[in-house]
> 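My questions will all concern the structure given below.
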Amino acid sequence: VRIEALSQPAQQMLRVAAVAGREASHRLLAAATGWPEVEVERGLRDAIAGQVLVASAATESYKFRHALLQEAVYGDLLPGERTRLHATYARLLAEADPEGGDGSAAELAWHCLASHDLPGGLAALVRAADHAATVFAPSEAFRHLTQALELWSRVPDAAAVAGVDRVEVLVRAAEAANHSGEFRQAVGLAREAVGSIDEDAELA
C-alpha cells in the first residue's frame with residue numbers, strides 16, 4: 001500500500017533500485033534509469049518521503065528502509081523487466097570496473113547470472129574468487145568457485161572465458177575449502193583435480 005501510494009516516477013525508481021539490491025549508489029541508479037538528473041531526483045525524493053528509501057549522504061547511496069520492501073518490489077517485476085534491468089546493471093558494473101578489483105566482481109556475477117549471461121557470470125565468479133582470496137575470505141572464495149564449477153559445462157570454451165582451466169579452478173576450490181574448514185569437500189575437489197589431470201594425460 002505504501003508503494004502504490006507513490007507517484008509513478010517514484011514507483012519506477014523503486015523497481016530499478018530493487019534490482020540493484022538492498023543498497024545502490026546514486027551514480028549507479030541514475031545510470032540504470034537513463035533519466036535526466038532532475039527526474040531521477042524527483043523519483044528519489046518521492047520514494048524517500050514515502051518512507052520506502054533512505055538516503056546516506058556519507059556514501060551517496062540509497063537503500064530500502066526494510067528488506068521486505070525491496071523483496072516486494074523485486075517480486076512484482078515482470079520477468080522481462082527483471083532480466084533487462086539485471087543486464088543493465090551488469091553492463092554498468094563491467095564498464096566501471098572491468099577487473100572487478102574492488103569486490104564488484106561478485107555483484108557483477110549476480111547480475112550476469114540473473115540476466116542469463118552465463119559466460120559473463122563465469123568470468124566474474126572467477127574474478128570474485130580471486131578477490132576474496134586476496135582479502136582472506138576463503139569461505140566466500142569457495143562459494144564463488146563452487147558456483148563457477150557448476151556453470152563450467154554450460155559455457156562454451158569455458159577455460160578461455162574464465163582465463164584458467166578447470167583443473168586450476170578445482171585446485172583453487174580445494175584450497176579455499178580447506179582454509180574454510182570444509183575438509184571433506186576439499187578432499188573431494190582435490191581428487192577430482194587429480195582425476196582430470198590423469199584423463200588429460202591419457203588423451204595426450
Side-chain angles (χ1 to χ4, degrees), residues 1-125 127-128 131-132 135 137 139-140 143-144 146-147 150-151 154:
V1 172
R2 183 184 301 176
I3 294 167
E4 290 176 354
L6 297 174
S7 65
Q8 285 301 316
Q11 290 188 37
Q12 182 58 32
M13 177 59 71
L14 289 176
R15 294 186 187 99
V16 176
V19 176
R22 180 77 190 278
E23 185 172 2
S25 69
H26 181 89
R27 178 195 59 78
L28 192 60
L29 282 177
T33 61
W35 297 352
E37 187 66 24
V38 173
E39 293 184 23
V40 170
E41 291 176 356
R42 183 182 299 121
L44 288 169
R45 283 186 182 279
D46 288 351
I48 292 169
Q51 299 186 22
V52 180
L53 290 183
V54 178
S56 171
T59 60
E60 296 186 357
S61 64
Y62 305 88
K63 67 178 181 180
F64 281 82
R65 186 173 290 274
H66 300 291
L68 287 176
L69 287 171
Q70 186 261 334
E71 292 172 8
V73 177
Y74 186 83
D76 198 42
L77 292 169
L78 296 172
E81 185 179 24
R82 186 180 303 166
T83 299
R84 175 179 58 79
L85 286 170
H86 276 297
T88 297
Y89 277 115
R91 175 179 56 80
L92 292 171
L93 289 170
E95 291 173 354
D97 185 13
E99 299 301 322
D102 63 352
S104 64
E107 187 179 2
L108 173 60
W110 176 59
H111 286 299
C112 284
L113 295 177
S115 61
H116 313 300
D117 177 9
L118 300 189
L122 175 61
L125 284 168
R127 291 200 302 272
H131 175 75
V135 297
S139 295
E140 187 176 341
R143 178 167 54 83
H144 293 319
T146 299
Q147 196 171 4
E150 291 172 353
L151 283 177
R154 300 167 61 190

> To the nearest 0.5 Å, how far apart are CG in Leu93 and CH2 in Trp110?
10.0 Å
> Closest approach of Ala47 and Leu6, non-hydrogen atoms and distance?
CA-CD1, 4.3 Å
> Might you point out which heavy atoms bring Ala114 and Thr83 nearest each other, and give the distance in Å?
O-OG1, 4.2 Å
> Tell me the salt bridge (charged side-chain N to carboxylate O under 4.0 Å, His left out) pairs involving residues 19-28, sequence neighbours left out?
none
> So how far is it from Leu151 CG to Thr146 OG1, rounded to the nearest 0.5 Å?
11.0 Å
> Strictly by side chain to side chain donor-acceptor pair (under 3.5 Å), give each pair with a member in residues 111-123 just once, sequence neighbours left out.
His86-His111
> For Ala32, enumerate each residue passing the side chain to side chain contact (heavy atoms under 4.5 Å, CB included) test, keeping only those at least two apart in sequence or located in another chain.
Val16, Thr88, Tyr89, Leu92
> For Arg154 and Leu122: C-alpha separation, side-chain torsions, deciding distance, then whether side chain to side chain contact (heavy atoms under 4.5 Å, CB included) applies.
CA-CA 10 Å; Arg154 300 167 61 190; Leu122 175 61; over 6 Å; no
> Quick one: side chain to side chain contact (heavy atoms under 4.5 Å, CB included) partners of Ala72, sequence neighbours excluded?
none
> Mind checking what makes side-chain hydrogen bond (donor to acceptor under 3.5 Å, both in side chains) contact with Thr59, not counting sequence neighbours?
Ser56, Ser61
> Ignoring hydrogens, what is the shortest heavy-atom contact between Gly121 and Leu113? Give both atom names and the distance.
CA-CD2, 3.9 Å
> Return the CG to CG distance between Leu53 and Leu14, rounded to the nearest 0.5 Å.
5.0 Å
> Quick one: list whatever passes side-chain hydrogen bond (donor to acceptor under 3.5 Å, both in side chains) with Gln12, sequence neighbours left out.
Arg15
> Could you go through residues 34-45 and list every donor-acceptor pair under 3.5 Å that involves a side-chain atom there, pairing it with any protein atom two or more places apart or in another chain?
| residue | atom | partner | partner atom | Å |
| --- | --- | --- | --- | --- |
| Glu37 | OE2 | His26 | NE2 | 2.5 |

> I need the full list of salt bridge (charged side-chain N to carboxylate O under 4.0 Å, His left out) pairs touching residues 69-92, with sequence neighbours left out, sorted by first then second residue.
Arg91-Glu95
> Are Val52 and Arg2 side-chain neighbours, meaning at least one heavy-atom pair lies under 4.5 Å?
yes
> Taking only residues two or more places apart in sequence or in another chain, which ones pass ring pair (Phe, Tyr, Trp, His ring centres under 6.0 Å) with His144?
none
> Flag the pair Val54 / Ile48 as yes when at least one side-chain heavy-atom distance between them is below 4.5 Å, and no otherwise.
no
> Does any N or O in the side chain of Ser25 come within less than 3.5 Å of the main-chain N or O of Leu28, such that one atom is a donor and the other an acceptor?
yes
> According to side-chain hydrogen bond (donor to acceptor under 3.5 Å, both in side chains), who are the partners of Asp46, at least two apart in sequence or on a separate chain?
Ser7
> Which pair of non-hydrogen atoms, one from Ala128 and one from Ala105, has the smallest distance, and what is that distance?
N-CB, 3.6 Å
